[in-house]
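What follows is a set of notes on a single structure, which appears directly below.
Quick note: numbers below take in every heavy atom, side chains included, and nothing from hydrogens, waters or symmetry partners.
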Amino acid sequence: MITITREPYGQTLQGEEVACFHMGNSNGMTVDVLEYGSTVRSICVPSGNGRTVDVVLGYDRLSDYEKGTCVFGAVVGRYANRIRNGEVTLSGKRYQMEKNNGSHHLHGCFSHRVFSGTVRDDAVELTYRSPDGEDGLPGTLTVTVKYRLDEENGLHIEYNAETDHETFLNLTNHSYFNLNGFGIVLGHRLRIDSDFYTEADPELLPTGRILPVEGTLMDFRQEKLIGKGLMNPDNVLRMAGGYDHNYIVNGPTHELRFAARARGEVSGIAMECWTTQPGVQFYTGNYIHEDAARFGKKGARYPRHGGFCLETQHYPDSPHFPDFPSTVLSPGDRFHEETVYRFFPGR
């Protein structure tokens, strides 16, 4: 039986009340979700030795979520990933987004907004109304993120959005996973069901070329150590400090399909990622150690490569590449995507 409780988590610096929703299933798995940033604060998975492992990074205090720069566990948008020069054009009109990543735009402001949460049946629904012009994009946008825990240890994340003006939208969850619950993740094993990736330039923006993974360090079609490629002096990984690349998920877009599977080498806990989205950004936490919030959970200072992300998404900088799947949302249409992270107890 799925249980859901709600309790106060604190106040933002602006005095906004924030609640935490605690979900649990009969296997002993629990998930905590915050109204702040629609953030997954914890995912506690039973391991085979009787321990329960919290497999996502985060903070103990709300003030650190406000201060932090890694956006641990948050929903990011309006546009997840990078937009070159923060500039987009819609119907011949140019819009300027904030340049918050060097000369470019990255992720947007949703991770630092308070969503309104409610329990509906066996799920938590978190809604945010983004005003016209927020993040520099047109349209009043209503976004609802639905979190549901099932009895097979799956966390379902469903995104829905509507707009009153043509706009761009790309949403994802930015959880950092560490299936051991400590240390670095380079010893984890990973498989990504992807034959192609979008080539990135030195600033990690797409060039527009779609390249095969075969014969490259990008190839995770067969399970291998995450850290194996980082031992190679390949310039593609060196310039990013590790993996930070968009993979094109095999299979039909908009259908829920297998994207990736990872396994912790110490805990034995495994995780599968399924999604309707066309891509997944694989990121190896290359700059966690530079986070503006000093400490993570239980006073931990997370190390470089202390977690990895599988950010299901549309491709980065899609507005500049007509051949990429469209990220335009028009009035009368509904944005709808779903991702499932499913966990398997370790040894």
Side-chain angles (χ1 to χ4, degrees), residues 12 14 16 18-19 33-40 65-66 71 73-101 104-118 120 123-147 156-174 253-254 275-279 281 311-321 324-339:
T12 67
Q14 289 73 38
E16 298 170 283
V18 173
V33 177
L34 302 178
E35 287 181 309
Y36 187 82
S38 190
T39 296
V40 175
Y65 280 102
E66 293 186 85
V71 293
V75 166
V76 294
R78 287 188 176 193
Y79 201 96
N81 220 307
R82 293 171 174 84
I83 296 285
R84 185 178 296 277
N85 298 322
E87 296 179 358
V88 295
T89 302
L90 266 173
S91 301
K93 184 174 181 180
R94 176 181 168 274
Y95 296 90
Q96 181 63 58
M97 306 170 73
E98 180 187 4
K99 295 181 179 182
N100 60 358
N101 184 241
H104 313 295
H105 179 80
L106 177 66
H107 290 331
C109 67
F110 284 5
S111 58
H112 290 80
R113 296 292 184 264
V114 177
F115 287 60
S116 176
T118 187
R120 196 176 304 279
V124 175
E125 290 188 0
L126 295 151
T127 300
Y128 176 66
R129 187 174 181 271
S130 177
D132 179 35
E134 189 165 54
D135 276 345
L137 292 175
T140 299
L141 188 71
T142 302
V143 175
T144 298
V145 184
K146 180 179 177 180
Y147 291 98
H156 300 247
I157 308 176
E158 185 179 320
Y159 307 91
N160 291 285
E162 294 179 339
T163 183
D164 64 0
H165 188 288
E166 187 179 52
T167 193
F168 290 110
L169 183 64
N170 188 21
L171 299 176
T172 192
N173 179 273
H174 208 279
T253 300
H254 301 306
T275 190
T276 60
Q277 301 251 43
Q281 186 87 2
E311 305 161 55
T312 59
Q313 58 168 14
H314 277 64
Y315 308 167
D317 204 25
S318 291
H320 291 127
F321 297 97
F324 286 2
S326 175
T327 54
V328 173
L329 181 65
S330 299
D333 293 340
R334 183 170 67 100
F335 178 95
H336 175 78
E337 300 288 356
E338 183 178 1
T339 294

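Every residue two or more places apart in sequence or in another chain was checked for a salt bridge (charged side-chain N to carboxylate O under 4.0 Å, His left out) with R334, and none qualifies.
Shown here for P138 and Y95, the closest heavy-atom pair between the two residues is CG-CZ, 3.6 Å.
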Show your reasoning for whether side-chain contact (heavy atoms from CB on, under 4.5 Å) applies to V71 and H112.
-> CA-CA 8 Å; V71 293; H112 290 80; 4.0 Å; yes
From CA spacing to verdict: side-chain contact (heavy atoms from CB on, under 4.5 Å), H314, E337 = CA-CA 10 Å; H314 277 64; E337 300 288 356; 3.4 Å; yes
Output, in order, the C-alpha distance, side-chain angles, deciding distance and verdict of side-chain contact (heavy atoms from CB on, under 4.5 Å) for E87 and Q96.
-> CA-CA 5 Å; E87 296 179 358; Q96 181 63 58; 3.2 Å; yes
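Checking side-chain atoms of Y147 against main-chain N and O of V40 turns up no donor-acceptor pair under 3.5 Å. A side-chain donor-acceptor contact under 3.5 Å links N173 to the backbone of G73. Proximity of a side-chain donor or acceptor of H105 to a complementary backbone N or O of R82 within less than 3.5 Å is not detected.
Classification of the F110-F115 ring pair by plane angle, with boundaries at 30° and 60°, yields perpendicular.
Taking the six-membered ring where the residue is Trp, the centroids of F321 and Y315 are separated by 6.0 Å or more.
The shortest distance between side-chain heavy atoms of L329 and L141 falls below 4.5 Å. By the 4.5 Å heavy-atom criterion applied to side chains, Y79 and D135 are not counted as neighbours. Residues I157 and E338 fail the side-chain proximity criterion, which asks for heavy atoms closer than 4.5 Å. At least one side-chain heavy atom of E134 sits under 4.5 Å from a side-chain heavy atom of R113. Looking at heavy atoms from C-beta onward, Y36 lies in side-chain contact with E66 at the 4.5 angstrom threshold. Two residues are said to be in side-chain contact when any heavy atoms from C-beta on lie closer than 4.5 Å; H320 and I83 meet this criterion.
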